[in-house]
Amino acid sequence: MNQGDFTQVAKHYHNRPAYSAMLLEKLLLCINPKGIKTSEFQVTEVGAGTGKLTKMLANFGLPITAIEPNDAMRAEGEKYTQNTSIIWKKGDGENTSMPSNSCNWVIMASSFHWTNPAKSLPEFARILKDDGYFTAIWNPRNILEGSVFYEIEEEIKAMIPELKRVSSGKQNTQKWEEVLVSTGDFQDCFFMECDYIEMMSKERYMGAWESVNDIQAQAGEARWQKILAMIASKIAHLDTIEIPYKIRAWSAQKTKINTKG
């Protein structure tokens with residue numbers, strides 16, 4: 001498995017956690033201060049994956065174009081969001097394939113860290129209307145010391161001492177408020193966070209681990225299978241798994257162009 005290639009894990013992505021509907025509702029109030037009608041507030045979700053966040057946004061009545069580079073992920077997303085008005089297109093953070101000035105909000109869910117901000121941020125500014133916003137949102141696990149989740153993480157570190165996480169957890173230390181304004185295309189970054197609990201069966205929890213790309217790619221097949229066996233043994237005594245998450249979102253407004261001479 002290649003790091004960053006989600007073809008082999010796409011079928012497991014439906015097991016992943018959702019996002020906080022409450023946070024999304026509050027976020028919409030902040031990025032739509034003019035009160036544009038929901039049905040006219042154009043959203044482009046980049047790196048939409050299999051549509052986990054996409055469908056939640058559609059439930060707000062928002063018109064959405066979902067951009068996803070990976071064919072397998074996009075196919076899963078189209079299936080998951082069938083019978084909705086969501087439009088799916090192939091593209092990525094550096095080249096969305098969207099027209100200029102075509103949307104009010106660009107959002108990336110648990111995927112902005114895969115882009116090159118020097119290229120993706122100007123691209124997002126290009127497709128945004130004046131006063132539009134970009135949001136990078138993640139749903140990292142809130143791992144507390146002494147919990148079974150902490151034990152699992154420690155075991156993984158011991159089994160793969162050279163491991164460098166690309167996705168889960170990295171956003172906790174990255175200064176995204178600085179990154180979002182780094183190119184000059186965006187300004188006035190603000191941060192929102194809330195706790196979120198997801199209940200999972202053991203089968204779904206293991207399926208969520210099967211969707212993790214960066215550990216699998218770095219571990220190799222033999223060590224990955226040992227990791228899965230370790231995780232299964234850690235949760236064997238549980239009927240239902242209550243997993244705490246921290247939903248974190250950084251948003252910034254498209255920089256206003258000074259037209260005064």
Side-chain angles (χ1 to χ4, degrees), residues 19-20 23-49 53-54 56-57 60-69 86-87 89-140 166-167 170-194 246-261:
Y19 296 80
S20 166
L23 184 143
L24 292 174
E25 183 178 358
K26 304 300 182 187
L27 189 52
L28 275 168
L29 291 174
C30 291
I31 66 174
N32 185 19
K34 295 181 179 179
I36 300 171
K37 291 174 62 175
T38 301
S39 60
E40 298 174 0
F41 197 76
Q42 299 291 330
V43 179
T44 299
E45 185 189 354
V46 182
L53 177 69
T54 324
M56 293 188 72
L57 294 173
F60 285 97
L62 296 162
I64 302 168
T65 301
I67 308 297
E68 171 55 43
I86 296 167
I87 299 170
K89 292 185 177 182
K90 185 166 186 171
D92 56 39
E94 287 80 20
N95 182 12
T96 64
S97 76
M98 291 291 290
S100 298
N101 307 306
S102 61
C103 59
N104 302 96
W105 189 22
V106 173
I107 185 168
M108 294 194 76
S110 302
S111 54
F112 181 56
H113 52 271
W114 290 107
T115 76
N116 176 356
K119 295 181 179 179
S120 59
L121 290 171
E123 172 68 357
F124 299 157
R126 179 187 69 80
I127 69 175
L128 278 168
K129 299 178 182 180
D130 292 341
D131 299 325
Y133 278 85
F134 167 61
T135 295
I137 187 170
W138 285 272
N139 55 355
V166 178
S167 51
K170 183 181 178 182
Q171 66 277 8
N172 295 331
T173 56
Q174 183 81 309
K175 294 183 178 180
W176 292 115
E177 66 277 8
E178 296 180 5
V179 175
L180 262 61
V181 301
S182 62
T183 62
D185 296 284
F186 291 90
Q187 62 185 14
D188 302 331
C189 182
F190 67 91
F191 173 69
M192 297 180 74
E193 175 186 88
C194 74
K246 283 281 188 184
I247 311 300
R248 294 186 167 113
W250 285 261
S251 302
Q253 188 175 38
K254 179 178 176 178
T255 300
K256 295 178 176 63
I257 300 175
N258 189 349
T259 57
K260 295 181 180 180

Going by heavy atoms in the side chains, are [X] and [Y] under 4.5 Å from each other?
| X | Y | value |
| --- | --- | --- |
| Ile127 | Ser100 | no |
| Met98 | Val106 | no |
| Leu62 | Leu28 | yes |
| Phe41 | Ile31 | yes |
| Asp131 | Lys256 | yes |

Legend entry - side-chain hydrogen bond (donor to acceptor under 3.5 Å, both in side chains) partner of Thr96, the single match among Lys89, Lys90, Glu123: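 Among Lys89, Lys90, Glu123, the one that satisfies the side-chain hydrogen bond (donor to acceptor under 3.5 Å, both in side chains) with Thr96 is Glu123.
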Distance check, rounded to the nearest 0.5 Å: [X] atom [atom1] versus [Y] atom [atom2]?
| X | Y | atom1 | atom2 | answer |
| --- | --- | --- | --- | --- |
| Leu180 | Asp188 | CG | CG | 11.5 Å |
| Leu121 | Asn116 | CG | CG | 9.0 Å |
| Cys30 | Gln253 | SG | CD | 11.5 Å |
| Ile67 | Ser97 | CD1 | OG | 4.5 Å |
| Lys129 | Cys103 | NZ | SG | 8.0 Å |
| Lys37 | Asn32 | NZ | CG | 12.5 Å |

Locate the shortest heavy-atom distance separating [X] from [Y]; write the atom from each residue and the value.
| X | Y | result |
| --- | --- | --- |
| Glu68 | Gly49 | OE1-N, 2.7 Å |
| Pro140 | Arg248 | CG-NH1, 3.7 Å |
| Gln187 | Val181 | CA-CG1, 4.0 Å |
| Asn104 | Glu40 | OD1-O, 3.5 Å |
| Thr183 | Pro117 | CG2-O, 3.7 Å |
| Leu23 | Ile247 | CD1-O, 3.8 Å |

Inset, instruction - Flag yes if more than 12 heavy atoms outside Lys26 fall under 6.0 Å of its NZ atom; otherwise flag no. - result: no
Inset, instruction - Please assess Thr135 against Met192 for the test side chain to side chain contact (heavy atoms under 4.5 Å, CB included), listing each intermediate value before the final yes or no. - result: CA-CA 10 Å; Thr135 295; Met192 297 180 74; over 6 Å; no
Inset, instruction - Check the side chains of Ser110 and Asn139 for a donor-acceptor pair under 3.5 angstrom, ignoring hydrogens and angles. - result: yes
Legend entry - Residue from Trp105, Phe112, Trp176 passing ring-ring contact (aromatic ring centres under 6.0 Å, His included) with Phe134: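 By the ring-ring contact (aromatic ring centres under 6.0 Å, His included) criterion, Phe134 pairs with just one of Trp105, Phe112, Trp176: Phe112.
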Inset, instruction - Among Leu57, Leu53, Leu27, find the residue that satisfies the side chain to side chain contact (heavy atoms under 4.5 Å, CB included) test when tested with Tyr19. - result: Leu53
Inset, instruction - Look at the rings of Trp138 and Trp250 and say which category their plane angle falls in: under 30° parallel, 30 to 60° tilted, over 60° perpendicular. - result: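 Taking Trp250 first and then Trp138, their aromatic rings stand perpendicular (interplane angle over 60°).
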Inset, instruction - Please find out if less than 6.0 Å separates the ring center of Phe124 from that of Phe186. - result: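 That pair fails the under 6.0 Å test.
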